[in-house]
Amino acid sequence: MTTLRRTASHPVTRRVGEVVLTLLGVSLLTFLVLRVVPGDQITAAYGTAAGELSPDQIASLRAYYGLDKPLVTQYLGWLGGVLTGNLGVDTTSHLSVTTMTAQALPNTIELAVLSIVVALLLGVPLGVLAASRPGKLRDTTTQLGSLLALSVPSFLLATVVSSWLTNTFGWYPNGEGYRTLWQDPGLNLQQMLQPALVLGISIAAPILQTTRTAILAIRSEDFIRTARAKGVPTRRLQTRHILRNALIPVTTMTGLQFGFLLGGALVAEQIFAIPGIGRQTLLALTQKEYAVVQSTVLIIAAMFVTVNLLTDLAYRLIDPRVRAS
Amino acid sequence: MPRTSRKPALVTGTTAGLAAALLLTACSGSGGSAGSTANGAGTLVFGITADPTQMVPWTATSEQSIQVLSQIYSPLLDTDKDNAPTAGLADLPKVSDDGLTYTFTLKKGVTFADGSTLDSADVKHTFDTIMDKASKASSRSYFASVKSVAAPDPQTVVVTLSKPDASFPVGLTAVTTGIVPSEKTADTLATQPDGSGPYQFASRVPNQSITLTRNEKYYAGKPGAAKVEFRIIPDDQSMVSALKTGSVDAAVFTNPVTAKTAASNNTKTESVGSLSYHVLQLRATSPVLKDVNARLAVQCAISRKDVIDSAALGAGEVTGPITSPQFASDPQQQPCPTQDLTKAKEYLAKAGTPNGFALKVMTSEGLYSTAVDEAQAVQAQLGKVGITVTIESLDSGEYVKRWLAADFDAAIASNGGSADPNTMYARYFTPTGTYNEVAGYSSDQLTQLFAEGIATTDTAKRKAIYSQVSQDLVDNAAWVWLFTPKEFIVLNKGVQNFEARSDASLATMWKATVS
């Protein structure tokens, strides 16, 4: 009994419980929102021509899409399928959601990783640079740049970048059919470069800001003054003490952004024709493919939660104080 | 009928669609033969913005589905430049004197992609399936007057109508009535299309591309390109980039600005008209519009030319109700051919609202690229005579829902059009029409005219009847017909023999060659 109570209150068990509840909530919400939005698969497929279908045809279509069943039955039926590993079928392509996701997810993960790499390569060094002379020219310039990167919408940035490269250099690898990393690594990386840059630039901004703020905050902490007084060399002080501590909030921010990217960088995937999970969701949404939207959103939510969990764990590794508490 | 651009509805007559265009130039002289630089082993890459949603001909509604399926399947009849039916898989039918029996003779030696012979049993099977109430056929309405289909011998198909219907043959030119093999089920065809068109299905990567290969045995001639790849590029600007770099050979744009940006040294642009038309639908039964004078005031206050110039950047032609070249209305034949604010005010006075009234106009950004701009242009013009317009800009799902429920006063819409005026308007303006409640207007005289119009197969007589229909509609300001939009095909210069046509199909694209 005591063991049980202890297990139930263990932080990890509690987190897993929260995860399950969160995912259930997400699935229910997605299900309901999809039904509240006007239109169903029939009007999505036929538009106003749906009015020309005879009542028999509509009945037959409703049965085909499973819309004739009560909402509770629809939800429980789908949920039951998910629990037994059946995520449903896309009625347009006749593919199972599992197959579709297995094809789309690696592309999204690759794009997310590349974008994060770009963002870290830009954000951290520039953040350090900005923090080195607070209030001075290089600080203001970097801050201004990050503000700009943050406020330019990514669809605009994407359009500008791609039409500039096309018009100036005649270079637009995304016009070719998409190749995965295994099919053609060279072309794949070319195709990923533009979206990764666009996403990386917009994510670099919060990382830069976080890095800068964290460094400035830590620099004025007592333990740094103590270390400095004890004669710790500047270089060691900066890397071991300041940067390492500053990386804690940066890790959190990176994790958050990564989780967000795994949700499918919808705009970039759409503009650059990357067949990732964001585009899968978008297309399914416009076609009102209920099973696909519900399952894909659930998968995205699950990834987001997992990434958050892993970020927490990484946080514990970097900062021993978290472990102690 | 309005359609949304993302999920266009419809497919009327020779089809709806926007691609309006299509292709194949100068084929009259050169036929499908390859030019000197043409590469018989080349691949024509056609950029489309969305994955086709349906792959079985009779269920097809989206523009992309129709573009792809028109390469794979052949309908019984083809069309000429004026959208009039011509011989296709079958010769033009022999029609009995009472107009009830249509006898078709099929071409010999036509095969499906799987090698099996296309005969009258396949035609009967296809038509019976479309007419089956349980099938999900969007093309079922073309067969509304069909009583039975018989296949007395392998080359002969006899269709018996329950009443004369001159618009019947037009339905047989649509891809959505394309002939499928009788032994294959809809489920099989959904993943493995099998038709007798110029190309045959090779492979499909969902949301990325569909690849077709040349049908060496195509009954009408040898297709120009060895392969056709429909590549899905969802974003317009990306499509422009892909055209400029030559990775895509052809694409259709409805937005004139985008089409302009796509022009470069490597491309040529053809602008084409279309059967579709943009219209301000006035629901004549709605409280604010039930007085004909109120509707006429709206008609007179609108400058169609200004709507084209401001909202569609000049890319359109003013139109009357009927857009088909064979039966076209004179766009100037209406109470106010151009904007006439004095007359508009007179009508307002007659309607008992000399200072104007409040009108709600619904539209949707999801309809087509200039829909909201058109609503705004109309709003500004009506404001000049005191008609205060509130624009309801809706999500396309909401728009479709309210449109179908006839829950609006006025709506901006893009309708697909049809080669046959009966197909185009009987459903709106006759009391038994599917969309009569949506239109809110009909009369005994109109009903009589529509009945006469399909009772004769004589084209000249029909034209006279439909010009009366057209006149009745504009004189009563059933709707305000604005313009037929222009569409733009941007082609790589290496593409030859593409003919721009005013029907929506890519039915003649097979003659195009790539170098």
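Numbered from 1 within each chain, the chains take letters A, B, ... in sequence-line order.
The backbone N or O of A:Q57 sits nowhere less than 3.5 Å from a side-chain atom of B:R140 that would complete a donor-acceptor pair. Side-chain atoms of B:Q237 do not come within 3.5 Å of backbone N or O of A:S163 as any donor-acceptor pair. For the pair B:Y435 (side chain) and A:T48 (backbone), a donor-acceptor distance under 3.5 Å is present.
Residues B:A190 and A:H94 share a closest heavy-atom pair of CB-NE2, 3.5 Å. Of all heavy-atom pairs spanning B:N207 and A:R279, the tightest one is O-NH2, 2.8 Å. Listed here is the closest heavy atom pair of A:S54 and B:K133: OG-O, 4.3 Å. Nearest heavy-atom pair, A:Y172 versus B:S238, reported as atom, atom and distance to 0.1 Å: OH-CB, 3.0 Å. Nearest heavy atoms, A:Y178 versus B:Q208: CB-OE1, 3.4 Å. The two residues A:T166 and B:K244 come nearest to each other via the heavy atoms CG2-CB, 3.9 Å.
Ranked by heavy-atom pairs shorter than 4.5 Å toward chain B, the options A:G51, A:S60, A:A273 are led by A:G51. Looking only at heavy-atom pairs under 4.5 Å with chain A, the residue among B:S135, B:G47, B:P52 that has the most is B:S135.
If you measure heavy-atom distances from A:D90 to chain B, you find no contacts under 4.5 Å at all. Residue B:S241 touches chain A through both its backbone and its side chain, counting heavy-atom pairs closer than 4.5 Å. With a 4.5 angstrom heavy-atom cutoff, B:P206 touches chain A only via side-chain atoms. Only the side chain of A:L95 comes within contact range of chain B, with at least one heavy atom under 4.5 Å from a heavy atom of that chain. The contact between B:S247 and chain A is made by backbone and side chain atoms together, counting heavy-atom distances below 4.5 Å. Using a 4.5 Å cut-off between heavy atoms, A:F155 does not touch chain B at all.
Rounding to the nearest 0.5 angstrom, the gap separating the CG atom in B:D235 from the OG atom in A:S162 is 7.5 Å. Atom OG1 of B:T245 and atom CG of A:L165 lie 11.5 Å apart (nearest 0.5 Å). Within the model, atoms OG of B:S138 and CG of A:L53 stand 7.5 Å from one another, a figure rounded to the nearest 0.5 Å.
Annotation: B:K227, atom NZ; neighbour count of heavy atoms from other residues, nucleotides and ligands within 6.0 Å does not exceed 12. More than 12 heavy atoms of other residues, nucleotides or ligands shown are found within 6.0 angstrom of NZ on B:K493.
Side-chain contact between A:Q287 and B:T53 is present, with at least one heavy-atom pair separated by less than 4.5 Å. The shortest side-chain heavy-atom distance between A:L283 and B:D51 does not fall under the 4.5 Å cut-off. Contact of the A:E52 side chain with the B:R427 side chain is registered, since non-hydrogen atoms from C-beta on lie closer than 4.5 Å.
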